[in-house]
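Start at 1 with the first residue, then count along the sequence.
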Amino acid sequence: MQRFALIGAGFIGTVHAANLAADPDVDFAVVYDIDSARATALASKHGARAVTSLEEVFDPAAIDAVFIGSSTDTHAQHLRAAADAGLAVMVEKPIAPSLAEAREVVAYVEKSGVPANLDFNRRYDRDHAALQRVVASGGVGDVELVQMSSRGPSLPPVEYLKVSGGQMRDQTVHFFDLLRWITAQDPVSVAVTGSALVDPSIASFGDVDTSVATLTLPSGALVQIDSVRRTGYGYDERIEVMGSTGLVESRRQRSGNVAVYGGDGILLDPLHAGWFERVQPTYAAALRAFVAALEAGTPVPAPLRDGLAAQAIAEAATLALQSGLTEPITY
């Protein structure tokens with residue numbers, strides 16, 4: 001049984017709290033948030049205890065593991081605190097706002113030897129995971145072309161976008177990680193073209209809402225990732241891998257599998273209304289994998305180095321978007 005503390009009681013914190021409370025190998029003990037009332041409400045809902053100091057979170061006498069679901073600018077300090085306390089830790093992306101700081105934090109945490117895991121929950125999408133197994137087993141031969149789509153249903157608030165770090169760091173980074181995980185290769189270069197089509201004001205702070213990234217793998221295989229902040233038809237996520245002997249696809253997911261046949265054609269269920277409806281089950285699965293690793297004493301499934309690599313790709317992609325050039329990726 002792993003005694004967990006949760007840092008962050010906002011939207012994503014409420015998601016993690018429900019999963020922590022439901023996991024049979026977790027004792028959901030503590031919730032901390034800078035808003036003490038919010039922490040109290042969330043803790044009360046799940047039978048945990050709200051605390052008002054981080055000392056009570058990073059207490060190895062009472063806690064075994066910490067889940068960091070607080071704001072991006074706090075991740076690094078909490079990771080260091082977990083390392084100092086000798087506590088296992090799971091953290092939302094990114095590790096730190098800048099790549100330079102992320103590298104320092106990873107080195108610091110690795111030196112401590114504590115188990116530290118990124119919440120790359122999309123690896124636990126049922127269809128994406130099946131696709132990865134096919135590719136890893138050689139089911140489509142050598143990877144030659146990868147195509148990915150990440151198309152959100154609605155534009156986030158502009159105030160959020162201003163501090164998000166940009167589309168490559170905030171949205172596409174999930175697919176940079178999936179790319180590495182699926183192909184077992186680190187891309188060597190990236191080129192990006194983007195536009196602010198949904199809200200032209202986004203361009204005023206250097207961001208885009210519609211983009212296409214083209215990456216090259218060490219094998220020479222090519223990758224295309226299109227990222228869109230707004231669709232008119234629901235949340236759209238898809239991965240296709242073409243190999244030397246075949247093709248495997250993780251298809252778009254509809255909200256149901258009912259088809260109504262009539263004289264006017266076939267009526268199908270629509271795509272999921274939002275990103276959360278599409279990916280919600282993956283959060284519990286990601287937590288379960290981390291807890292299982294802690295219980296078994298085995299390596300964590302998504303170590304900080306994986307997060308660092310995805311962040312390095314996102315930094316190169318952001319630079320490529322700004323420069324208009326194909327940029328090398330430095331890990």
Side-chain angles (χ1 to χ4, degrees), residues 15 19 22-23 90 93 117-153 171-187 213 215 217-219 221-228 231 233-259 268-293 296 298-303 305-307 309-310 313:
V15 175
N19 292 330
D23 194 293
M90 186 165 180
K93 63 84 182 168
N117 191 71
L118 257 294
D119 186 24
F120 277 139
N121 57 295
R122 277 176 168 79
R123 295 185 182 190
Y124 299 92
D125 178 275
R126 179 197 63 195
D127 295 347
H128 295 349
L131 177 145
Q132 189 270 344
R133 289 192 293 270
V134 170
V135 174
S137 68
V140 294
D142 296 328
V143 173
E144 296 179 348
L145 181 67
V146 181
Q147 296 190 331
M148 297 174 152
S149 292
S150 170
R151 303 176 187 171
Q171 180 181 1
T172 318
V173 66
H174 289 285
F175 289 79
F176 294 148
D177 174 67
L178 285 172
L179 171 64
R180 295 184 64 253
W181 177 62
I182 289 166
T183 66
Q185 297 185 54
D186 289 323
L215 303 96
L217 300 180
S219 63
L222 300 177
V223 181
Q224 178 175 287
I225 306 175
D226 69 80
S227 301
V228 176
T231 69
Y233 59 92
Y235 182 72
D236 189 353
E237 183 171 312
R238 184 181 69 88
I239 301 174
E240 176 186 288
V241 178
M242 188 188 81
S244 55
T245 62
L247 179 145
V248 59
E249 179 183 23
S250 176
R251 296 177 177 176
R252 297 176 172 92
Q253 288 187 10
R254 301 196 304 274
S255 58
N257 290 307
V258 175
L268 303 176
D269 288 314
L271 298 181
H272 288 286
W275 68 271
F276 184 67
E277 291 88 343
R278 168 71 167 80
V279 306
Q280 182 178 7
T282 66
Y283 286 105
L287 173 66
R288 176 92 290 276
F290 176 55
V291 173
T298 55
V300 297
R305 285 282 162 185
D306 286 358
I313 300 169

(message) Show the nearest heavy-atom pair for residues Ala286 and Asp119, with the distance to one decimal.
(response) CB-OD1, 3.4 Å

(message) Any carboxylate oxygen within less than 4.0 angstrom of a Lys/Arg side-chain nitrogen, looking at Arg180 and Asp186?
(response) yes

(message) Can a donor-acceptor pair be found, under 3.5 Å and without considering hydrogens, that links the side chain of Ser149 to the backbone of Arg238?
(response) no

(message) Please check: side-chain N/O of Arg254 versus main-chain N/O of Asp269, any donor-acceptor pairing under 3.5 Å?
(response) yes

(request) For residues Pro153 and Gly274, report the shortest heavy-atom separation together with the two atoms involved. (result) CG-CA, 3.6 Å

(request) For the pair Arg122 and Asp177, find out whether any cationic side-chain nitrogen is under 4.0 Å from an anionic carboxylate oxygen. (result) no

(message) How close do Tyr124 and Ala289 get, counting heavy atoms only, and between which atoms?
(response) OH-CB, 3.4 Å

(request) Identify the heavy atoms of Ser219 and Val143 that sit nearest to each other, and give their distance. (result) OG-O, 4.3 Å

(request) Give a yes or no on whether a salt bridge exists between Arg151 and Asp236, defined as a side-chain N under 4.0 angstrom from a carboxylate O. (result) yes

(request) Taking atom types as modelled, find out whether Asp127 and Ser250 have a side-chain donor-acceptor pair closer than 3.5 angstrom. (result) no

(request) For Val223 and Ile225, work out which heavy atoms get closest and say how close. (result) CG1-CG1, 4.0 Å

(message) How close do Val228 and Gln171 get, counting heavy atoms only, and between which atoms?
(response) O-NE2, 3.2 Å

(message) Using modelled atom types and a 3.5 Å cut-off, is there a donor and acceptor pairing between side-chain atoms of Arg123 and backbone atoms of Pro301?
(response) yes

(request) Please confirm whether the backbone N or O of Leu271 pairs with a side-chain atom of Ser255, one donor and one acceptor, at under 3.5 Å? (result) no

(message) Is the ring pair His128/Phe175 parallel, tilted or perpendicular, if the boundaries are 30 and 60 degrees?
(response) perpendicular

